[in-house]
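Below is one structure, written out as structure tokens; comments come after it.
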Amino acid sequence: MAQHADRVGITPANLAVLKNGRSKAVRFSTLDALCTALDCQPGNVLRQVAEES
């Protein structure tokens with residue numbers, strides 16, 4: 001995971017937060033870097049989750 005974090009330009013801890021779905025938001029620049037590193041589209045790494053009320 002550290003290799004991907006380096007390629008994206010974020011810490012391994014922050015990448016783990018994104019990977020485990022604990023993030024409340026993601027910067028577009030981070031999303032762009034993730035998609036570039038993984039050669040994918042945003043829809044491949046994001047999913048919509050309804051907020052609990």
Side-chain angles (χ1 to χ4, degrees):
M1 188 175 320
Q3 179 184 13
H4 289 303
D6 287 342
R7 289 173 58 191
V8 174
I10 61 176
T11 66
N14 284 340
L15 184 57
V17 167
L18 291 170
K19 179 181 175 258
N20 295 322
R22 295 187 316 257
S23 176
K24 299 264 185 209
V26 61
R27 290 183 178 167
F28 286 117
S29 59
T30 301
L31 179 60
D32 181 52
L34 277 169
C35 289
T36 299
L38 298 173
D39 191 28
C40 67
Q41 294 295 311
N44 299 121
V45 294
L46 295 177
R47 64 185 170 101
Q48 182 178 3
V49 178
E51 287 186 32
E52 294 181 22
S53 46

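Nothing fancy with the numbering, it's 1 onward along the sequence.
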Using side chain to side chain donor-acceptor pair (under 3.5 Å) as the criterion, list what pairs up with D6, not counting sequence neighbours.
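Expected list: none.
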S23: partners by side chain to side chain donor-acceptor pair (under 3.5 Å), with sequence neighbours left out
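For S23, no residue satisfies side chain to side chain donor-acceptor pair (under 3.5 Å) once neighbours in sequence are set aside.
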Determine, stepwise, if the pair N14 / V8 fulfils side-chain contact (heavy atoms from CB on, under 4.5 Å).
CA-CA 11 Å; N14 284 340; V8 174; over 6 Å; no
Taking only distance into account, with no hydrogens and no angle test, what donor-acceptor pairs under 3.5 Å do side-chain atoms of residues 35-44 form with protein atoms, sequence neighbours excluded?
from	atom 1	to	atom 2	distance (Å)
T36	OG1	D32	O	2.9
N44	OD1	Q41	N	2.9

Under the side-chain contact (heavy atoms from CB on, under 4.5 Å) test, which residues partner R47, sequence neighbours left out?
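V49.
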Under 4.5 Å between side-chain heavy atoms, counting indirect links through other Ile/Leu/Val/Met/Phe/Trp/Tyr residues: same cluster for I10 and V17 or not?
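They do not share one cluster, since no chain of ILVMFWY contacts under 4.5 Å joins I10 to V17.
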L46 side chain reached by L31 side chain, heavy atoms, under 4.5 Å:
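With C-beta onward as the side chain, the pair touches.
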